Amino acid sequence: MTRQLMAVSLVMMMGAACGEGMEQPSSPVSDEAPELARQDLNTLPVVKELRTHRQGCDYVLRVLQENGPYPYPVYYIYHVTVQSEVVTPGTCTLVPGTVELGTSKLLPDIALVSNTEGIVAAYSSGEYFRGMGNVGRVNIHRLDPNTLGSLRVTGLASSLVPANGGAGAGRAAYLGALTLQLGYIEVSGTFTGNSLYEYPATIPWPYPIVTGTNFVAIYPNFYSSTMSPYIRTF
(Lines give C-alpha, C1' and ligand atoms only; values in the text may rest on other atoms or scores of the structure.)
Protein backbone atom coordinates (compact mmCIF):
# COMPACT_ATOMS: atom_id res chain seq x y z
CA MET A 1 0.00 0.00 0.00
CA THR A 2 1.47 3.38 -1.00
CA ARG A 3 1.96 6.29 1.42
CA GLN A 4 -0.70 8.26 -0.44
CA LEU A 5 -3.20 5.42 -0.04
CA MET A 6 -2.37 5.10 3.67
CA ALA A 7 -3.07 8.82 4.09
CA VAL A 8 -6.42 8.47 2.36
CA SER A 9 -7.30 5.57 4.65
CA LEU A 10 -6.50 7.61 7.75
CA VAL A 11 -8.64 10.51 6.52
CA MET A 12 -11.52 8.11 5.94
CA MET A 13 -11.15 6.70 9.44
CA MET A 14 -11.22 10.18 10.97
CA GLY A 15 -14.34 11.02 9.00
CA ALA A 16 -16.03 7.86 10.22
CA ALA A 17 -15.10 8.62 13.83
CA CYS A 18 -16.55 12.12 13.55
CA GLY A 19 -19.62 10.99 11.63
CA GLU A 20 -19.06 13.65 8.99
CA GLY A 21 -19.67 13.26 5.29
CA MET A 22 -19.62 9.48 5.30
CA GLU A 23 -22.80 7.68 4.34
CA GLN A 24 -21.09 4.37 3.71
CA PRO A 25 -17.66 3.06 4.68
CA SER A 26 -15.22 2.56 1.86
CA SER A 27 -12.80 -0.28 2.33
CA PRO A 28 -9.27 0.97 3.14
CA VAL A 29 -7.88 -2.31 1.88
CA SER A 30 -5.86 -2.03 -1.32
CA ASP A 31 -4.77 -4.68 -3.78
CA GLU A 32 -2.13 -2.38 -5.24
CA ALA A 33 1.44 -3.48 -4.57
CA PRO A 34 4.41 -1.08 -4.38
CA GLU A 35 6.42 -1.04 -7.61
CA LEU A 36 9.67 -1.96 -5.85
CA ALA A 37 8.03 -5.02 -4.37
CA ARG A 38 6.74 -6.11 -7.79
CA GLN A 39 10.31 -6.29 -9.09
CA ASP A 40 11.47 -8.59 -6.27
CA LEU A 41 8.64 -11.11 -6.03
CA ASN A 42 10.85 -14.00 -7.09
CA THR A 43 13.11 -13.45 -4.07
CA LEU A 44 10.36 -13.41 -1.42
CA PRO A 45 9.73 -16.43 0.83
CA VAL A 46 6.56 -18.47 0.31
CA VAL A 47 4.43 -18.70 3.46
CA LYS A 48 1.35 -20.39 1.98
CA GLU A 49 0.78 -22.44 -1.15
CA LEU A 50 -2.08 -24.35 -2.80
CA ARG A 51 -2.06 -26.28 -6.06
CA THR A 52 -4.71 -27.56 -8.47
CA HIS A 53 -4.44 -29.61 -11.66
CA ARG A 54 -6.45 -29.12 -14.85
CA GLN A 55 -6.02 -30.60 -18.34
CA GLY A 56 -2.34 -31.40 -17.95
CA CYS A 57 -1.52 -28.05 -16.34
CA ASP A 58 -0.76 -27.16 -12.73
CA TYR A 59 -1.87 -23.91 -11.13
CA VAL A 60 -0.26 -22.70 -7.93
CA LEU A 61 -1.63 -20.03 -5.60
CA ARG A 62 1.03 -18.59 -3.28
CA VAL A 63 1.36 -16.04 -0.51
CA LEU A 64 4.75 -14.29 -0.51
CA GLN A 65 6.00 -12.36 2.51
CA GLU A 66 7.79 -9.02 2.19
CA ASN A 67 9.11 -6.80 4.98
CA GLY A 68 7.23 -3.51 5.27
CA PRO A 69 8.96 -0.32 4.11
CA TYR A 70 9.15 1.28 7.57
CA PRO A 71 11.39 0.18 10.48
CA TYR A 72 8.64 0.74 13.04
CA PRO A 73 6.08 -0.59 13.57
CA VAL A 74 7.26 -3.89 12.14
CA TYR A 75 4.80 -5.45 9.71
CA TYR A 76 4.71 -7.48 6.52
CA ILE A 77 3.21 -7.01 3.08
CA TYR A 78 1.80 -10.24 1.70
CA HIS A 79 1.64 -10.73 -2.07
CA VAL A 80 -0.89 -13.19 -3.48
CA THR A 81 0.26 -14.67 -6.80
CA VAL A 82 -0.94 -17.42 -9.14
CA GLN A 83 1.40 -19.37 -11.40
CA SER A 84 0.77 -21.81 -14.26
CA GLU A 85 3.01 -24.78 -15.04
CA VAL A 86 3.09 -27.35 -17.85
CA VAL A 87 2.89 -30.91 -16.48
CA THR A 88 1.79 -32.86 -19.56
CA PRO A 89 2.89 -31.10 -22.76
CA GLY A 90 0.57 -33.22 -24.87
CA THR A 91 -2.54 -31.78 -23.22
CA CYS A 92 -1.29 -28.54 -21.62
CA THR A 93 -0.53 -25.98 -24.34
CA LEU A 94 -0.27 -22.82 -22.28
CA VAL A 95 2.80 -20.64 -21.87
CA PRO A 96 3.77 -20.75 -18.16
CA GLY A 97 3.39 -17.45 -16.34
CA THR A 98 2.78 -15.72 -13.02
CA VAL A 99 0.24 -13.04 -12.13
CA GLU A 100 -0.10 -11.10 -8.89
CA LEU A 101 -3.72 -10.95 -7.73
CA GLY A 102 -3.34 -8.58 -4.80
CA THR A 103 -1.66 -7.66 -1.52
CA SER A 104 -2.53 -7.61 2.16
CA LYS A 105 -1.07 -6.45 5.47
CA LEU A 106 -2.79 -9.34 7.23
CA LEU A 107 -1.75 -12.91 6.49
CA PRO A 108 -4.25 -14.04 3.83
CA ASP A 109 -6.31 -17.18 3.90
CA ILE A 110 -6.33 -18.70 0.41
CA ALA A 111 -8.33 -21.18 -1.68
CA LEU A 112 -7.83 -22.51 -5.22
CA VAL A 113 -10.17 -24.87 -7.05
CA SER A 114 -10.74 -25.97 -10.63
CA ASN A 115 -13.05 -28.12 -12.75
CA THR A 116 -14.02 -28.40 -16.41
CA GLU A 117 -15.69 -24.98 -16.29
CA GLY A 118 -12.67 -23.08 -15.07
CA ILE A 119 -10.42 -22.00 -12.23
CA VAL A 120 -11.32 -19.90 -9.20
CA ALA A 121 -8.92 -18.38 -6.67
CA ALA A 122 -9.98 -16.71 -3.44
CA TYR A 123 -8.08 -14.97 -0.67
CA SER A 124 -8.64 -12.62 2.24
CA SER A 125 -6.91 -9.25 2.46
CA GLY A 126 -6.84 -6.47 5.00
CA GLU A 127 -4.91 -4.53 7.59
CA TYR A 128 -5.06 -3.58 11.25
CA PHE A 129 -6.10 -0.09 12.39
CA ARG A 130 -5.57 1.08 15.94
CA GLY A 131 -8.92 1.73 17.58
CA MET A 132 -10.80 -0.25 14.92
CA GLY A 133 -9.12 -3.63 14.73
CA ASN A 134 -8.85 -5.59 11.49
CA VAL A 135 -10.52 -4.25 8.38
CA GLY A 136 -10.60 -6.58 5.41
CA ARG A 137 -12.52 -8.52 2.81
CA VAL A 138 -12.67 -11.75 0.81
CA ASN A 139 -11.58 -11.51 -2.84
CA ILE A 140 -12.72 -13.98 -5.51
CA HIS A 141 -11.17 -14.25 -8.99
CA ARG A 142 -12.35 -16.34 -11.90
CA LEU A 143 -9.15 -16.96 -13.85
CA ASP A 144 -8.45 -17.48 -17.53
CA PRO A 145 -6.71 -20.89 -17.60
CA ASN A 146 -4.38 -19.78 -20.43
CA THR A 147 -3.37 -16.25 -19.40
CA LEU A 148 -4.26 -16.22 -15.67
CA GLY A 149 -6.10 -12.97 -16.30
CA SER A 150 -9.13 -12.30 -14.11
CA LEU A 151 -12.35 -12.89 -16.07
CA ARG A 152 -14.46 -11.92 -13.07
CA VAL A 153 -13.54 -10.28 -9.77
CA THR A 154 -15.94 -10.07 -6.88
CA GLY A 155 -15.81 -10.33 -3.11
CA LEU A 156 -17.41 -9.98 0.30
CA ALA A 157 -16.92 -7.27 2.91
CA SER A 158 -18.40 -6.41 6.30
CA SER A 159 -19.22 -3.25 8.20
CA LEU A 160 -20.51 -2.00 11.51
CA VAL A 161 -23.84 -0.34 10.70
CA PRO A 162 -25.44 1.86 13.39
CA ALA A 163 -29.09 1.13 14.10
CA ASN A 164 -30.02 4.65 13.02
CA GLY A 165 -28.27 4.24 9.68
CA GLY A 166 -25.64 6.87 10.42
CA ALA A 167 -21.94 6.77 9.65
CA GLY A 168 -20.48 3.30 10.01
CA ALA A 169 -17.08 1.68 9.97
CA GLY A 170 -15.39 -1.11 8.08
CA ARG A 171 -14.90 -4.51 9.68
CA ALA A 172 -13.37 -7.79 8.48
CA ALA A 173 -14.52 -10.80 6.47
CA TYR A 174 -12.32 -13.90 6.55
CA LEU A 175 -12.18 -16.73 4.03
CA GLY A 176 -12.92 -20.20 5.34
CA ALA A 177 -13.55 -22.41 2.32
CA LEU A 178 -14.29 -22.28 -1.40
CA THR A 179 -16.30 -25.02 -3.09
CA LEU A 180 -16.67 -25.27 -6.85
CA GLN A 181 -19.91 -26.87 -8.04
CA LEU A 182 -21.38 -27.32 -11.51
CA GLY A 183 -22.55 -23.85 -12.44
CA TYR A 184 -22.04 -22.15 -9.09
CA ILE A 185 -19.52 -21.59 -6.32
CA GLU A 186 -19.94 -21.57 -2.56
CA VAL A 187 -17.79 -19.37 -0.31
CA SER A 188 -17.86 -19.65 3.46
CA GLY A 189 -16.06 -18.00 6.34
CA THR A 190 -16.42 -15.69 9.31
CA PHE A 191 -16.91 -11.96 9.76
CA THR A 192 -16.98 -9.19 12.33
CA GLY A 193 -19.42 -6.30 12.52
CA ASN A 194 -23.15 -6.62 11.89
CA SER A 195 -23.42 -6.43 8.10
CA LEU A 196 -22.02 -8.60 5.32
CA TYR A 197 -22.41 -7.68 1.66
CA GLU A 198 -21.06 -8.15 -1.84
CA TYR A 199 -17.94 -6.14 -2.62
CA PRO A 200 -17.92 -3.79 -4.47
CA ALA A 201 -21.26 -2.94 -2.89
CA THR A 202 -24.27 -3.26 -5.18
CA ILE A 203 -26.77 -1.86 -2.64
CA PRO A 204 -26.96 1.61 -1.07
CA TRP A 205 -25.96 2.50 2.48
CA PRO A 206 -27.06 1.63 5.13
CA TYR A 207 -26.40 -2.03 4.42
CA PRO A 208 -28.76 -4.62 5.96
CA ILE A 209 -28.00 -5.52 9.57
CA VAL A 210 -27.52 -9.26 10.11
CA THR A 211 -26.76 -11.57 13.03
CA GLY A 212 -24.08 -14.18 13.55
CA THR A 213 -20.36 -14.41 12.86
CA ASN A 214 -20.34 -17.08 10.13
CA PHE A 215 -21.47 -16.86 6.53
CA VAL A 216 -22.14 -18.91 3.41
CA ALA A 217 -22.38 -17.13 0.06
CA ILE A 218 -23.58 -18.89 -3.10
CA TYR A 219 -22.80 -17.35 -6.48
CA PRO A 220 -25.25 -18.79 -9.06
CA ASN A 221 -24.16 -19.11 -12.69
CA PHE A 222 -20.73 -17.87 -11.65
CA TYR A 223 -19.10 -18.60 -15.01
CA SER A 224 -21.75 -17.08 -17.24
CA SER A 225 -23.17 -14.12 -15.31
CA THR A 226 -22.39 -11.47 -12.72
CA MET A 227 -25.34 -12.27 -10.47
CA SER A 228 -25.02 -11.16 -6.86
CA PRO A 229 -24.55 -13.93 -4.29
CA TYR A 230 -27.14 -15.34 -1.95
CA ILE A 231 -25.72 -14.71 1.51
CA ARG A 232 -26.69 -16.49 4.72
CA THR A 233 -25.25 -15.59 8.11
CA PHE A 234 -25.52 -17.58 11.33
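No experiment lies behind these values; they were computed from the predicted model shown.
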Do you see a donor-acceptor pair shorter than 3.5 Å between the side chains of [X] and [Y]?
X: Ser150; Y: His141; value: yes
X: Ser104; Y: Ser125; value: no
X: Asn134; Y: Tyr174; value: yes

Of the non-hydrogen atoms in [X] and [Y], which two are nearest, and what is the gap between them?
X: Asp58; Y: Val87; answer: CG-CG2, 3.5 Å
X: Val135; Y: Gly170; answer: CG2-O, 3.7 Å
X: Pro208; Y: Ser195; answer: O-OG, 2.8 Å
X: Pro108; Y: Lys48; answer: O-NZ, 2.8 Å
X: Ser124; Y: Leu107; answer: OG-O, 4.4 Å
X: Glu100; Y: Leu41; answer: OE1-CD1, 3.6 Å

Hydrophobic cluster of Val210, others only, ordered by chain and residue number, side-chain cut-off 4.5 Å: Val113, Val120, Val138, Ile140, Leu156, Leu175, Leu178, Leu180, Ile185, Val187, Phe191, Leu196, Phe215, Tyr219, Phe222, Tyr223, Ile231

Output, in order, the C-alpha distance, side-chain angles, deciding distance and verdict of side-chain contact (heavy atoms from CB on, under 4.5 Å) for Val216 and Glu186. CA-CA 7 Å; Val216 174; Glu186 179 179 299; 3.7 Å; yes

What do the steps show when you test Tyr230 against Met227 for side-chain contact (heavy atoms from CB on, under 4.5 Å), and what is the final call? CA-CA 9 Å; Tyr230 301 108; Met227 294 177 60; 4.1 Å; yes

Backbone N/O of [Y] and side chain of [X]: donor-acceptor pair under 3.5 Å:
X: Lys105; Y: Tyr128; value: no
X: Arg54; Y: Pro145; value: no
X: Arg62; Y: Val47; value: no
X: Thr147; Y: Gly149; value: yes
X: Thr233; Y: Thr211; value: yes
X: Glu117; Y: Gly183; value: yes
X: Tyr123; Y: Leu101; value: yes
X: Thr88; Y: Gly90; value: no

Report yes or no: do [X] and [Y] belong to one cluster of Ile/Leu/Val/Met/Phe/Trp/Tyr joined by side chain heavy-atom distances under 4.5 Å?
X: Val63; Y: Val60; value: no
X: Val86; Y: Val82; value: yes
X: Ile209; Y: Tyr207; value: yes

From [X] atom [atom1] to [Y] atom [atom2], the distance as rounded to the nearest 0.5 Å:
X: Arg152; Y: Ser224; atom1: CZ; atom2: OG; value: 9.0 Å
X: Leu182; Y: Asn115; atom1: CG; atom2: CG; value: 7.5 Å
X: Thr98; Y: Gln83; atom1: OG1; atom2: CD; value: 3.5 Å
X: Ile77; Y: Glu127; atom1: CD1; atom2: CD; value: 10.0 Å
X: Leu61; Y: Ile110; atom1: CG; atom2: CD1; value: 4.5 Å
X: Leu106; Y: Thr103; atom1: CG; atom2: OG1; value: 11.0 Å

Reference residue Ser228; test side chain to side chain contact (heavy atoms under 4.5 Å, CB included); the match among Ile203, Thr154, Thr202: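 In the set Ile203, Thr154, Thr202, the residue that makes a side chain to side chain contact (heavy atoms under 4.5 Å, CB included) with Ser228 is Thr202.
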
